[in-house]
Amino acid sequence: MTIKIFDSMARDVIPFETREEGKVAMYCCGPTVYNYIHIGNARTMLWFEFIRRYLDFRGYDVTYVMNYTDVDDKIIERAKIEKIPPEGITQKYTRAFEEDLAAMGAETPDIVSKATDHIGDMVAAIEGLVDKGIAYESDGNVWYSVEAFEGYGKLSGRTLEDMRAGERVEPMPGKRHPLDFSLWKTAKDGEPSWDSPWGPGRPGWHIECSVMSTKYLGMDFDVHGGGTDLIFPHHENEIAQAEGLLGGEFVRHWMHAGMVQMGTEKMSKSLGNVVLAHDAIETFGGPVLRYWALSGSYRSQVAFSESVIADSTAAYERWSTFLTSAQHSLGTDMPEAPDHPRRPIGEAVPKGPGAEFVIRFIESMDEDFNSAGSFAAVHDLVRDANRALEATHAGDAEARTRLIDLTSTFLELTNVLGFRFEVSAGASDALVAGLVEFLIEMREKARAEKAFERADAIRDKLTELGVVAEDTPSGTRWRIGAST
RNA sequence: GGCGGCGUGGCCGAGUGGUUUAGGCAAGGGCCUGCAAAGCCCUGUACAGCGGUUCGAUUCCGCUCGCCGCCUCCA
């Protein structure tokens with residue numbers, strides 16, 4: 001078994017071949033920290049973190065780098081609006097980003113690099129490009145000369161002539177070619193700036209990713225990710241910079257995530273049709289958003305709408321409900337959730353209870369991270385486990401063993417997907433749990449006495465408070481409802 | 001105009017050259033239950049249109065129609 005991957009440069013699904021056997025070096029373009037991210041940004045971030053997680057599951061030793069763009073025109077604008085210094089803006093939104101991603105179950109990359117910590121590296125890179133005649137200075141600005149890089153356009157599949165035909169912007173003064181892009185911007189009064197051979201200024205956007213990715217991962221690293229909207233010009237420019245300066249190949253596999261659609265339009269900050277991840281987490285909860293983001297192919301455009309989120313909520317609840325039911329039934333035999341389980345490539349095919357689901361999960365994910373098939377495998381596993389649960393209630397001891405095994409597999413696979421369920425009944429607060437259990441006891445007593453009116457009154461009140469009480473042959477189980 | 005992608009049953013969404021069910025949500029019927037909830041069982045017979053290749057195409061090729069992304073900051 002090997003992993004296949006849709007490579008944007010190859011425009012095809014091709015075998016995943018890493019620079020170094022067993023190791024993966026990957027980079028993903030992170031946020032510009034001038035505002036809360038929206039759920040389109042979030043989806044891409046969640047996906048690359050998930051890919052990282054999956055590669056780890058398959059036995060790779062992964063180094064994952066993500067950047068923070070903390071120097072940018074938009075940050076300067078935002079600082080004016082919020083009337084705080086640019087550093088205040090970047091600190092505030094960097095933190096918000098980290099909290100939001102964590103709420104959706106994403107782990108921090110191995111290396112998180114900030115542009116402002118690498119200004120010196122960028123200046124050196126720009127100097128190198130100027131020395132090689134690939135970049136030129138003009139009035140304190142430094143431009144990259146696209147005509148000086150032979151491969152320009154190879155990622156986005158276009159030629160300089162193609163792009164000139166579709167030109168829509170006025171050429172900037174000082175540029176030799178309209179598509180030449182900024183490496184260094186001269187500072188205006190009051191703007192954040194750093195010294196450079198061309199005077200005080202700040203780096204252009206694209207250079208940071210070339211510099212930081214190669215600094216930490218070297219050239220020819222394995223995976224570079226981002227949204228499809230970054231293919232041109234950002235990633236094209238990254239290639240031009242890195243390969244122009246260092247020679248050789250920049251990246252082995254380019255991966256791009258599809259855009260989130262609001263109605264018929266792409267969600268984007270400039271269109272203003274955004275749903276902030278911060279708000280969506282508040283409304284729907286992190287795990288549901290994670291389910292929504294990861295349950296479909298990363299390459300597809302995906303809608304964000306009430307109905308689609310309702311589907312994700314229901315599907316996710318099916319999983320969490322199963323787990324509380326299993327917990328209720330198994331008690332102390334409940335398996336523990338594994339932490340970063342591994343099923344390395346080349347290891348023996350899984351055997352035993354639940355193995356068929358693991359195999360389906362892996363086969364699907366190995367094929368360009370086809371999560372839809374893997375989610376389906378987990379759903380089928382849950383059906384099987386629910387059957388075992390019923391049989392367990394009927395006193396079938398073998399079914400109970402099977403339930404334990406399937407629950408264990410469920411926890412393994414959902415851990416790879418990055419879900420962490422509350423395996424307790426759902427109340428983290430012992431006092432709340434105690435009170436609920438007391439009420440459940442009262443209700444059980446009422447039911448035993450066939451005082452159904454009183455029993456129903458208790459259940460109604462619990463429901464009102466967001467506690468779902470369900471009667472089973474082995475007693476009443478309860479959970480905090482996910483949709484409150 | 002250039003480059004790229006998509007069009008699957010009520011909705012979302014995988015997949016495959018043919019004899020086996022993607023999966024989820026919603027719907028209908030049933031089982032279980034004091035009632036309920038959850039769960040389980042059963043049901044729906046889908047692949048934009050038109051041609052072509054083929055013994056056979058939803059799955060390959062061409063065309064048409066429709067939708068979307070990139071070509072400008074953008075995940």
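Lettering of chains follows the sequences in order, A, B, ..., and the numbering in each one begins at 1.
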Inset, instruction - State which residue, out of Ser156(A), Ser8(A), Cys29(A), fulfils the side-chain contact (heavy atoms from CB on, under 4.5 Å) condition with His235(A). - result: Cys29(A)
Inset, instruction - Could you tell me whether Leu230(A) contacts a base, only the sugar-phosphate backbone, or nothing, with contacts defined as non-hydrogen atoms closer than 4.0 Å? - result: sugar-phosphate
Legend entry - Quiz item: Thr228(A) side-chain donor-acceptor pair to C70(B) base, under 3.5 Å: no
Inset, instruction - State whether the distance check finds a donor on one side and an acceptor on the other, under 3.5 Å, for side chain Lys74(A) versus base C73(B). - result: yes
Inset, instruction - Give His38(A) one of three labels, base, sugar-phosphate or nothing, depending on what nucleic acid heavy atoms sit under 4.0 Å from its own. - result: base
Inset, instruction - Would you indicate what Phe232(A) reaches in the nucleic acid, counting non-hydrogen atoms under 4.0 angstrom: base, sugar-phosphate, or nothing? - result: sugar-phosphate
Inset, instruction - Please report the C-alpha distance between Glu98(A) and Thr108(A) in whole Å, then the side-chain angles of each, then the deciding distance to 0.1 Å, and finally whether the side-chain hydrogen bond (donor to acceptor under 3.5 Å, both in side chains) criterion is met. - result: CA-CA 8 Å; Glu98(A) 285 166 355; Thr108(A) 310; over 6 Å; no
Legend entry - Residue among Asn386(A), Asp396(A), Thr392(A) satisfying side-chain contact (heavy atoms from CB on, under 4.5 Å) with Leu403(A): Thr392(A)
Inset, instruction - Can you tell me, in whole Å, how much space there is between the C1' of A48(B) and that of U59(B)? - result: 15 Å
Inset, instruction - With sequence neighbours excluded, give me every side chain to side chain donor-acceptor pair (under 3.5 Å) pair touching residues 271-284 of chain A. - result: Asp100(A)-His278(A)
Legend entry - Aromatic ring proximity Phe284(A)/Tyr316(A), centre distance under 6.0 Å: no
Legend entry - Interatomic distance at C1', C50(B) relative to G66(B), whole Å: 15 Å
Inset, instruction - Answer with base, sugar-phosphate or nothing: what part of the nucleic acid does Ser270(A) contact at a heavy-atom distance below 4.0 Å? - result: base
Legend entry - Geometric class of the Trp47(A)/Tyr298(A) ring pair [parallel <30°, tilted 30-60°, perpendicular >60°]: tilted
So which protein N/O to nucleotides 35-39 of chain B N/O distances come out below 3.5 Å?
{"residue": "C35(B)", "atom": "O2", "partner": "Arg459(A)", "partner atom": "NH2", "Å": "2.5"}
{"residue": "C35(B)", "atom": "N3", "partner": "Arg459(A)", "partner atom": "NH1", "Å": "2.9"}
{"residue": "C35(B)", "atom": "N3", "partner": "Arg459(A)", "partner atom": "NH2", "Å": "3.3"}
{"residue": "C35(B)", "atom": "N4", "partner": "Asp471(A)", "partner atom": "OD2", "Å": "2.6"}
{"residue": "A36(B)", "atom": "N6", "partner": "Asp471(A)", "partner atom": "O", "Å": "3.1"}
{"residue": "A36(B)", "atom": "N1", "partner": "Asp471(A)", "partner atom": "N", "Å": "2.9"}
{"residue": "A36(B)", "atom": "N3", "partner": "Arg459(A)", "partner atom": "NH1", "Å": "2.9"}
{"residue": "A37(B)", "atom": "O2'", "partner": "Glu470(A)", "partner atom": "OE2", "Å": "3.0"}
{"residue": "A37(B)", "atom": "N1", "partner": "Asp471(A)", "partner atom": "O", "Å": "3.4"}
{"residue": "A38(B)", "atom": "O4'", "partner": "Glu470(A)", "partner atom": "OE2", "Å": "2.9"}
{"residue": "G39(B)", "atom": "O3'", "partner": "Asn386(A)", "partner atom": "ND2", "Å": "3.0"}
{"residue": "G39(B)", "atom": "N2", "partner": "Glu390(A)", "partner atom": "OE2", "Å": "3.4"}
{"residue": "G39(B)", "atom": "N3", "partner": "Glu390(A)", "partner atom": "OE2", "Å": "3.0"}

Legend entry - Identified stems (criterion: three or more consecutive Watson-Crick or G-U pairs, under 3.5 Å), RNA chain B: B:1-7 with B:65-71, B:10-12 with B:23-25, B:27-31 with B:39-43, B:48-52 with B:60-64
Inset, instruction - Sort and list the pairs that fulfil ring-ring contact (aromatic ring centres under 6.0 Å, His included) and have at least one residue in residues 377-399 of chain A, not counting sequence neighbours. - result: Trp319(A)-His379(A)
Inset, instruction - Taking atom P in both G49(B) and A27(B), compute the distance separating them and give it to the nearest angstrom. - result: 29 Å
Inset, instruction - Would you check if there is a donor-acceptor pair between the side chains of Asp70(A) and Tyr93(A) at a distance under 3.5 Å? - result: no
Inset, instruction - In plain terms, say whether Glu99(A) and Arg95(A) are close enough for a salt bridge, that is, a side-chain N and a carboxylate O under 4.0 Å apart. - result: yes
Inset, instruction - Determine the Euclidean distance between corresponding C1' atoms of G10(B) and U43(B); express it in Å to zero decimal places. - result: 15 Å
Inset, instruction - Remember a base hit wins even if backbone is also touched, and classify Gly226(A) as base, sugar-phosphate or nothing at under 4.0 Å, heavy atoms. - result: sugar-phosphate
Inset, instruction - Please measure how far the P atom in C12(B) lies from the corresponding atom in C47(B), and state the result in whole Å. - result: 15 Å
Legend entry - Span that lies between the P atom of G17(B) and that of A57(B), in whole angstrom: 15 Å
Inset, instruction - For nucleotides C55(B) and C40(B), find the distance between their P atoms and express it as a whole number of Å. - result: 46 Å
Inset, instruction - Check the angle between the aromatic planes of Phe57(A) and Phe361(A) and answer parallel, tilted or perpendicular using the 30° and 60° thresholds. - result: perpendicular
Inset, instruction - Could you please name the option among G69(B), C74(B), A75(B) that lies closest to any side-chain atom of Ser268(A)? - result: C74(B)
Inset, instruction - Using the six-membered ring wherever Trp is involved, compare the ring planes of Phe97(A) and Tyr68(A) and label them parallel, tilted or perpendicular (cut-offs 30° and 60°). - result: perpendicular
Inset, instruction - Looking at every strand, decide which applies to Gly225(A) at a 4.0 Å heavy-atom threshold: base, sugar-phosphate, or nothing. - result: nothing
Legend entry - Touch class at under 4.0 angstrom, heavy-atom based, for Ala314(A) against every strand present: sugar-phosphate
Distances under 3.5 Å between protein N/O atoms and the N/O atoms of nucleotides 8-15 of chain B, please, pair by pair.
{"residue": "A14(B)", "atom": "OP1", "partner": "Ser297(A)", "partner atom": "N", "Å": "3.4"}
{"residue": "A14(B)", "atom": "OP1", "partner": "Ser300(A)", "partner atom": "OG", "Å": "3.3"}
{"residue": "A14(B)", "atom": "O3'", "partner": "Asn370(A)", "partner atom": "ND2", "Å": "3.0"}
{"residue": "A14(B)", "atom": "O2'", "partner": "Asn370(A)", "partner atom": "ND2", "Å": "3.4"}
{"residue": "G15(B)", "atom": "OP1", "partner": "Asn370(A)", "partner atom": "ND2", "Å": "3.2"}

Legend entry - Span that lies between the C1' atom of C32(B) and that of C68(B), in whole angstrom: 47 Å
Inset, instruction - Answer with base, sugar-phosphate or nothing: what part of the nucleic acid does Ala376(A) contact at a heavy-atom distance below 4.0 Å? - result: base
Inset, instruction - Return no unless some side-chain N or O of Lys266(A) is found under 4.0 Å from OP1 or OP2 of C70(B). - result: yes
Inset, instruction - Give one of base, sugar-phosphate or nothing for Asp73(A), where a contact means two heavy atoms less than 4.0 Å apart. - result: nothing
Inset, instruction - Rounded to the nearest angstrom, tell me the gap between atom OH in Tyr152(A) and atom P in C71(B). - result: 12 Å
Legend entry - Of all pairs that satisfy salt bridge (Lys or Arg N to Asp or Glu O under 4.0 Å), the ones with a partner from residues 228-240 of chain A, not counting sequence neighbours: Asp229(A)-Lys266(A)
Inset, instruction - Go through the steps for Met365(A) and Val416(A) under the test side-chain contact (heavy atoms from CB on, under 4.5 Å), then give the verdict. - result: CA-CA 11 Å; Met365(A) 279 297 287; Val416(A) 177; over 6 Å; no
